[in-house]
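Throughout, protein chains are lettered first and strands after them, A, B, ... in sequence-line order, and every chain is numbered starting at 1.
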Amino acid sequence: MIEYSKFELENGLRVLIHEDNSTPMVAVNVLYDVGSRDESPEKTGFAHLFEHLMFGGSANVPDFDEPIQKAGGENNAFTNNDITNFYDVMPAENLEIALWLESDRMLSLNFDEKVLDVQRKVVVEEFKESCLNQPYGDAWHHISDMAYQKHPYRWPTIGIVPKHVEDAKMEDVKDFFFKYYGPNNAIIVISGNVKVDDTKKIIEKWFGDIPRRNTPKRNLPQEMPQNEFRAKIQKADVPVDSLYMVFHSPARADEDFYISDLLSDVLCNGPSARFYHRLVKEKQIFSQIDCYITGSIDPGLLVIEGKPADGITLEEAVDAIWKELDELKNDLIPENELIKWKNKVESTLVFSEASILNKAINLAFFELLGDANLINEEVGLYEKITRDDIRKMAQQIFKKENCSQLFYKATKSVVDN
Amino acid sequence: MPNRVIAPEIQEIKNLKLPQPTVLQLDNGIPVYVTNMGTQDIVKLEVIFYAGRPFEDKQLVSRATAGMLKEGTRNYKASQIAELTDFYGGTLSVPVSLDTSNILLFSLKKHFDKLLPVVGDMLSEPIFPEHELQLFKKRNQQRLQVDLTRNDVVAYRKVTEFIFGKDKPYGYNSEPEMYNNIGTEDLKKHFYKNFASGNCKIFLSGKIDHEIIDMVNKVLGQKIRKGAVQKPQIKTHVDRATKIKIQPPAPLQTAIRIGSRMVNKHHPDFKGLYVLNTILGGYFGSRLMTNIREDKGYTYNIYSTIDSMFYDGCFYVGTEVGNEFANATIEEIYKEFDILKNDLVNEGELSMVRNYLLGNLLTSLDGPFNVSEIIKAHSMEDIALTEFEALVQTIKTISPDNIRELARKYLNKNQMWEVVVGP
């Protein structure tokens, strides 16, 4: 059970504080309700570029990292389709340093041309390092583009092409900042060795006078249900063939989400799960296989990706997967198998609560979903799932017309080391 | 309105005390280091043998032996081990390490008694089934094949190969064909020689009470066979450092590794080098990051690191940069070496590094699992736990002169291997 207190400042900033006195540290998590789904199709990768710019100095502080490091802290951030999330982990007595810095960059950036210029280049190198100069590195570009035709999830957070990032202008930056980086579009969570009352006062001191912004109401084109099988073959100089199958699955806040999560566990959440046990070990059809859900706020994807074992074709590999999926659609899973994955969920949740940073990030995300207290209700939501729920979910998701399939085929050129 | 121009006062980190473990001995003589802390009812068990590369008779055998322990014992088939671990929500892994073989179990406290016997069996009666070994080899060969197409992997492999020697324990690289030379007999031989009480230490952390300790003694204190300490086989290697260029087909970035052999934890200079390395490339605000990423935008990431093995050590700078920036980056890396050798670090930067590192150490003392990591790092190499306090003192007091001296002694261009993987 994670206890917390929650309040809202007059400018709309939502604040959650969780006391954990077993640690000498404190985690500060600032979540902004903006991600790559809020970008325009001509300017993709912008939310992520913006995350970088948030470290380049703010209205009154020339450098974000220096004071954090001087205070013995660490900080970082991540951007995904839905959110941009910043966090700082500090010795608890230096909490105020983090709040001073976070509040100043929420108030205003310094909009330095040099910072923009350098970070554009850094992000382009990141694009190359993570997508272009890696075997299968652009797989997600192909997959999201197939699975989504209307919804902005059709491009990855890093952006469609580096050019979009290279073309970013200072006026875009300013516009984006004042639209999305306001207190009324943010949630801050403090978790660690703090006292609620004292923390409340410092939050009010640093964040209280930041003006509310006119954040536009989100109105995204929603994806229509997919009703035809989509397939693509990509040939490239990769060492071995690889396959990806994705299926539309429930949105994060949907109660059915938990069933789809458990369904993916049945397939792949450990060495005893069906894919690994049967397809890697018993039948030796795959040398590697994975299955997971994206868990996005708008309806997401259940993803299956794997590399066939030597001598197995991609077609044979796909057949073997469908055989497993069909079995889940036809037969109830054994009761013991359901208990197993529920046990594993319980264990994962207990372990994740050992970290103040995890708790801070999760509290913020659940609050964004509608209610931070979901963090305490999750175990119960998994607990009540039945074998029949799993079968129904399999029937709902694993339809051929709900599937997009990418074959990454090796052209077998000689690689010289 | 708060005054935003003036930073709130920074409080110094006062309490940096390493919690002392309770050290017990199992019936077969294995020492157990217990860190009983934390709020969650969870247990981490790590059983470590001195059975890594310095103890091998044949290359790759240490990794294969450890990797195969989960693949079948006298009482449990591989699938049963997997089933039991998952059923009770545990995580069982055999992380790869150069010097040791580690068996790592995370478990809820309430299920520990169901999972411990599996570990006991793995460490006393593994059977290394032939068909599982074949599968293990195939999986690893394919993974390696994929890894070898990554320029950063190729660069890392090359630089360590050159620093330590191609056929030496720390220098050799796995090649797909090497797996073909390993048979179950090799694994059995390695296991029975090295996986014995005299070669083993155990680390328990989390909510650890008498019940847990008794269980560990009842299982691991009996099942791990008695046996003597083994001697490592370490051969040294000295070659003149040089430059190596590798050209993969159509790379979009250039991977760079520049490095040399380096003293390890057992050397009196190591603690100071830890501070020097942090300044150079050990944190986000480091000189390499500030210059090459934050000022010039040549890369997403650049770092320097010191790898301390039990019997040797190395230092290297690593980065992936746009091809057009490769030469300029190499030049800037050496320029940063020179600045550290010529100029004294100013107090502002040094105090930032001191505080950053102390904060880091405070984080490393947060929670039972982290504390246990520190205890492990010391006791596996028979380094006194008081050395932690000594490191804190070095961080607090090392002088700019000291740092410059270390840079002059260790950051020499003519001792650096330079590996460039790019067009």
* Determine the sole option in A:Lys344, A:Lys340, A:Lys342 for which the salt bridge (Lys or Arg N to Asp or Glu O under 4.0 Å) test with B:Asp86 is passed. => A:Lys344
* Can you say whether B:Thr363 sits under 4.5 Å from chain A via the side chain, the backbone, both, or neither, judging by heavy atoms? -> both
* Is chain B contacted by the side chain of A:Ile202, its backbone, both, or neither, given a heavy-atom distance below 4.5 Å? -> neither
* Asked: Which atoms of A:Phe55 come close to chain B, meaning under 4.5 Å heavy atom to heavy atom: side chain ones, backbone ones, both, or neither?
  -> neither
* To do: Could you tell me which of A:Met90, A:Lys128, A:His52 has the largest number of non-hydrogen atom pairs under 4.5 Å with chain B?
  => A:Lys128
* Asked: Is it the backbone or the side chain of A:Pro67 that comes under 4.5 Å from a heavy atom of chain B, or both, or neither?
  -> backbone
* Asked: Under a 4.5 Å heavy-atom cut-off, does chain A meet the side chain of B:Ala255, its backbone, both or neither?
  -> neither
* Asked: Would you find a donor on one side and an acceptor on the other, under 3.5 Å apart, between the side chain of A:Ser130 and the backbone of A:Glu126?
  -> yes
* **Note, B:Phe87 side chain near A:Ile339 side chain (heavy atom, < 4.5 Å)** => yes
* Is the NZ or CZ atom of B:Arg139 both under 6.0 Å from the centre of the six-membered ring of B:Tyr179 and within 45° of that ring's axis? -> no
* Checking heavy atoms, do the side chain of A:Gln134, its backbone, both or neither come under 4.5 Å from chain B? -> side chain
* Segment of A:Phe286 engaging chain B (4.5 angstrom heavy-atom cut-off) -> neither
* Mind checking the CH2-OG spacing from A:Trp341 to A:Ser272? Nearest 0.5 Å is all I need. => 4.0 Å
* B:Leu92 vs B:Leu115 side-chain heavy atoms within contact, under 4.5 Å -> no
* Which one of B:Phe325, B:Phe369, B:Tyr88, B:Tyr283 has the most heavy-atom pairs closer than 4.5 Å to chain A? -> B:Tyr283
* Among the listed options A:Gln284, A:Arg120, A:His277, the residue most often paired with chain B at heavy-atom distances under 4.5 Å -> A:Gln284
* Structure fact -> Bottom line for B:Asp147: the part with an atom under 4.5 Å from chain A's heavy atoms is neither
* Close side-chain approach of B:Arg293 to A:Gln119, heavy-atom, < 4.5 Å -> yes
* Heavy-atom donor-acceptor pair, B:Arg354 side chain to B:Ile395 backbone, under 3.5 Å -> yes
* Got a second to check how far B:Asn173's CG is from B:Arg157's CZ, nearest 0.5 Å? -> 4.0 Å
* Hey, does the side chain of A:Glu125 reach the backbone of B:Gly322 with a donor-acceptor pair shorter than 3.5 angstrom? -> yes
* To do: Could you look at B:Gln141 and say if it's the side chain, the backbone, both or neither that has a heavy atom under 4.5 Å from chain A?
  => neither
* Structure fact -> Greatest number of non-hydrogen atom pairs under 4.5 angstrom with chain A, of B:Gly285, B:Gly297, B:Gly38, B:Gly359, falls to B:Gly297
* Under a 4.5 Å heavy-atom cut-off, does chain B meet the side chain of A:Asn75, its backbone, both or neither? -> neither
* Just by modelled atom types, is the B:Lys296 backbone N or O under 3.5 Å from a matching donor or acceptor in the A:Lys121 side chain? -> yes
* Structure fact -> Of A:Val115, A:Asp117, A:Asn336, the largest count of non-hydrogen pairs under 4.5 angstrom with chain B goes to A:Asn336
* Under a 4.5 Å heavy-atom cut-off, does chain B meet the side chain of A:Glu74, its backbone, both or neither? -> side chain
* Structure fact -> The interface call for B:Val421 against chain A, heavy-atom contacts under 4.5 Å, is neither
* Asked: What residue in A:Asp63, A:Thr348, A:Asp65 has the most heavy-atom pairs under 4.5 Å with chain B?
  -> A:Asp65
* Donor-acceptor under 3.5 Å (B:Gln80 side chain, B:Lys77 main chain) -> yes
* To do: Answer yes or no on whether A:Lys307 is positioned over the face of A:Tyr136, meaning its NZ or CZ is under 6.0 Å from the six-membered ring centre and within 45° of the axis.
  => yes
* To do: Counting only heavy atoms closer than 4.5 Å, note whether A:Leu107 contacts chain B via side chain, backbone, both or neither.
  => side chain
* Within the side chain of A:Arg274, is there an N or O that forms a donor-acceptor pair under 3.5 Å with the backbone of A:Leu279? -> no
* Asked: Minimum heavy-atom separation for B:Pro176 to B:Leu148, with atom names?
  -> CD-CD1, 4.3 Å
* Where on A:Ala59 is there a heavy atom nearer than 4.5 Å to chain B: the side chain, the backbone, both, or neither? -> neither
* Asked: Donor-acceptor pair, B:Thr149 side chain versus B:Val146 backbone, under 3.5 Å?
  -> yes
* By a 4.5 Å heavy-atom criterion (distance strictly below it), what part of B:Lys110 contacts chain A: side chain, backbone, both, or neither? -> side chain
* **Most contacts with chain A, counted as non-hydrogen pairs under 4.5 angstrom, among B:Asp295, B:Val321, B:Asp152** => B:Asp295
* **Heavy-atom proximity to chain A below 4.5 Å, by part of B:Ile6** => backbone
* Are the side chains of A:Glu66 and A:Lys70 in touch, meaning some heavy atoms are under 4.5 Å apart? -> yes
* Asked: What part of A:Glu93 is in contact with chain B, defined as an atom under 4.5 angstrom from a non-hydrogen atom: side chain, backbone, both or neither?
  -> both
* What residue, out of A:Gly56, A:Ser103, A:Ser58, has the most heavy-atom pairs lying under 4.5 Å from chain B? -> A:Ser103
* Most contacts with chain A, counted as non-hydrogen pairs under 4.5 angstrom, among B:Glu83, B:Met352, B:Gln253 -> B:Gln253
* Structure fact -> Among B:Tyr300, B:Phe106, B:Tyr298, the residue with the most heavy-atom pairs under 4.5 Å to chain A is B:Tyr300
* Asked: Hey, which of A:Asp209, A:Asn269, A:Asp20, A:Val280 has the most heavy atom pairs under 4.5 Å with chain B?
  -> A:Asp209
* **Side chain, backbone, both or neither of B:Asn15 within contact of chain A (heavy atoms, under 4.5 Å)** => neither
* Can you say whether B:Glu12 sits under 4.5 Å from chain A via the side chain, the backbone, both, or neither, judging by heavy atoms? -> backbone
* Structure fact -> Scored by heavy-atom pairs under 4.5 Å with chain A, the best of B:Leu135, B:Leu365, B:Val5, B:Leu361 is B:Leu135
* Is A:Lys114 salt-bridged to A:Asp112, cutoff N-O under 4.0 Å? -> no
* Pick one of side chain, backbone, both or neither for B:Glu71, based on which atoms fall under 4.5 Å of a heavy atom in chain A. => side chain
* Where does B:Glu320 contact chain A at under 4.5 Å (heavy atoms): side chain, backbone, both or neither? -> both
* Asked: Is it the backbone or the side chain of B:Gln40 that comes under 4.5 Å from a heavy atom of chain A, or both, or neither?
  -> side chain
* Asked: Does A:Asp241 reach the main-chain N or O of A:Ala410 with its side chain, forming a donor-acceptor pair under 3.5 Å?
  -> yes
* Does any non-hydrogen side-chain atom of B:Phe284 lie less than 4.5 Å from one of A:Asn76? -> no
* To do: Counting only heavy atoms closer than 4.5 Å, note whether A:Val240 contacts chain B via side chain, backbone, both or neither.
  => side chain
